[in-house]
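Have a look at the structure below, then the notes.
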Amino acid sequence: MIAPGTQPGLWQTARALAGRDLRLLWRRRGDALQPLLFALLVVVLFALALGRDPPLMAKVAAAVLWLAVLLAGQLALDSLFRSDAEDGSLEQWLLAPVPLAWLVLVRVLVHWATTALPMIAVTPLLAEMLHLPHDQLPILLASLLLGTPLLSLIGGVVAALTVSIRRSGILVALLALPLFVPVLVFGAGSVAAAARGQDPVGALLLLGAGLVVALVLAPLATAAAIRISLS
Amino acid sequence: MRFTVFQDAPGVSLRSRPLLDSYRRMQPIVRWFHQLGSPPTFDRFASRWSRVFYLAALPVLLVGIWQGLFVVPAEQNQNDAFRIIYIHVPSAWMSLFVFALMALYSAIALVWRIKICEILAMACAPMGAGFTLVTLLTGSIWGKGTWGTWWDWDPRMTSELILLFLYLGVIGLYHAIEDRRSAARAAGLLAIVGVGLLPIIRYSVDWWGGLHQRQSINVFGDNAVRAELIAPLWWMVVATKLWFVGSLLAKARADNLGREAGKAWVAERLGPAGGSAQEHPTR
């Protein structure tokens, strides 16, 4: 990909990595739909469990949608580094002349754009299915847009820590879900505050602040975790 | 890739002459600290001092329990139910303190690659989880008597429950990875990330609790805390700290022996039977 002797810049590597990830995703289009289908199924199951009670659904709609997106994102974490660890590309990351944290950041952002962004795109549809009041939809979308990258960044640390474990399904959930608590509280809390007629901006600003901090710190922690997992 | 080529063997490097000289020139305290990092020295240190700490903890614990159960008068609002705080509050403090200690040991282990610190950090995890569980159980029992419910989504209870999950995550990750050293490093990194996120989790849960209702009952009630109620608490706090240090050293010693099983010094110290009956084979 990169000729020997040349020093690739940060943007060049980012473009190459993002291009490769997107190409791989396009060649396995069916797999890319899975988190989306999972989120949809969670919503359907919740609706079935709640019974045909539109007012009750409208009350819990924001919480259910947040949970569906969070659980689907948690399941998608496993694909973040696993295939690269199995075919040895992750070792090449360690040897690459660019910082490991940078590669991690690019990978996490591409992963977010391909798993979480489609879910956010269909959220209005799912919200309609759950009778979410229309005035809460913009706040729900804003909280998801700020919260899901945060989930991906925190989840990246967990995915990197568990990449050397073969069957890590439940363990990833056990490690990641407690760390997701603040994101869920502020994300779902912003919509809940709006539903009670309070100002949701405070929670959204806190999510934004968390996102800024995580953008800087999470790739560094993830890089350290990859180094430990591959040592 | 997962096989470490260079096995570090503390003590072996000491045989080289210049290093030995530089050790002799070190300050005694620094030298003692360096030597403590070597598994045989740590074993001797831990076996001596864990007993000392256990013996020191016992009388303090007895004084605390005796004062808490018999000397302190019953409180007017809660009768004898409040006495459970003499278990509850010290273990709640320990649950947080042990997590911080675990992260500290992990940070030292990650930066300076000290094997003993990895062992100490991982020995902290089950004990911290135990303290958290005791806190939750005693809090729940107290809540049944005082609030009339076993569980309430009180911010403090909720964050304590999440703390338990963080502990279980660290323990789970440590046992899921085969290589003991990289398992300890991975779980240690998780502990450090957890310590960074704990205040945020705590704040978020407080904020979330504040949205719904704020629990107005403090542990000691609204009235000013009476001094004679506090005295046994301090005894218990000191006792749990001492007991924790004793059992931390004992557990770390056992893990250390397990990891070093098969080495000559273990067989020498424990006899051939102790050397061969190994729980964790060294990799």
Side-chain angles (χ1 to χ4, degrees), chain A residues 85 88 90-91 94 150 153-154 156-158 160-190 192-193 195-196 198 200 202-203 206-207 209-210 213-214 217-218 220-231, chain B residues 1-6 99 106-107 109-111 113 118 153 155 158-179 181-212:
Chain A
L90 215 53
E91 261 112 45
L94 295 181
L150 199 50
L153 286 163
I154 298 172
V157 183
V158 173
L161 281 173
T162 52
V163 82
S164 66
I165 306 167
R166 283 276 150 65
R167 300 156 61 85
S168 54
I170 293 288
L171 186 66
V172 173
L174 181 64
L175 301 186
L177 293 181
L179 301 180
F180 285 173
V181 165
V183 186
L184 180 70
V185 165
F186 291 122
S190 66
R196 273 190 307 276
Q198 294 166 348
L206 279 168
L207 273 183
V213 173
L217 292 182
L220 294 173
T222 312
I226 288 178
R227 279 183 219 280
I228 290 171
S229 288
L230 294 186
S231 66
Chain B
M1 164 194 42
R2 237 162 259 132
F3 302 100
T4 22
V5 181
F6 300 103
F99 204 95
S106 304
L110 282 177
V111 174
R113 305 274 168 127
E118 289 170 10
W153 291 98
T158 313
S159 46
E160 194 73 14
L161 185 65
I162 293 166
L163 181 69
L164 180 65
F165 286 131
L166 286 178
Y167 270 121
L168 293 181
V170 170
I171 297 169
L173 186 61
Y174 178 59
H175 288 292
I177 300 176
E178 279 171 28
D179 180 68
R181 292 211 66 181
S182 64
R185 283 211 293 275
L189 185 72
L190 184 71
I192 294 169
V193 171
V195 148
L197 281 176
L198 256 184
I200 302 171
I201 292 174
R202 182 63 214 264
Y203 172 73
S204 75
V205 172
D206 270 349
W207 187 84
W208 167 80
L211 269 183
H212 298 277

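Convention: sequence-line order gives letters A, B, ...; per-chain numbering from 1. Everything numeric in this text was worked out from a predicted model, so none of it was measured.
Of all the listed residues (B:Leu163, B:Ile192, B:Ile177), the one sharing the greatest number of non-hydrogen pairs under 4.5 Å with chain A is B:Ile177. Chain A forms more heavy-atom pairs under 4.5 Å with one residue of B:Leu110, B:Leu166, B:Leu190 than with any other, namely B:Leu190. In terms of heavy-atom pairs under 4.5 Å with chain B, the best-connected choice from A:Leu161, A:Val157, A:Val181, A:Leu184 is A:Leu161.
Within the structure, no pair that satisfies the ring pair (Phe, Tyr, Trp, His ring centres under 6.0 Å) test touches residues 185-204 of chain B, not counting sequence neighbours.
No more than 12 heavy atoms of other residues, nucleotides or ligands sit less than 6.0 Å from atom CZ of B:Phe165.
Proximity to chain B (any heavy atom under 4.5 Å) is restricted, for A:Leu206, to the side chain, taken from C-beta onward. For B:Leu197, the part sitting under 4.5 Å from any heavy atom of chain A is the side chain, from C-beta outward, and nothing else. Of the two parts of A:Leu171, only the side chain, counted from C-beta on, holds a non-hydrogen atom closer than 4.5 Å to a non-hydrogen atom of chain B. Neither the backbone nor the side chain of B:Leu198 comes within contact range of chain A, judged by heavy atoms closer than 4.5 Å.
For B:Tyr167, the ring pair (Phe, Tyr, Trp, His ring centres under 6.0 Å) criterion is met by B:Phe99, not counting sequence neighbours.
Looking only at side-chain heavy atoms (C-beta outward), A:Ile165 and B:Leu173 come within less than 4.5 Å of each other.
Of the possible donor and acceptor atoms, none in the side chain of A:Ser229 sits under 3.5 Å from a partner among the backbone N and O of A:Ile226. Judged by distance alone, the side chain of A:Ser190 and the main-chain N or O of A:Pro200 form no donor-acceptor pair under 3.5 Å.
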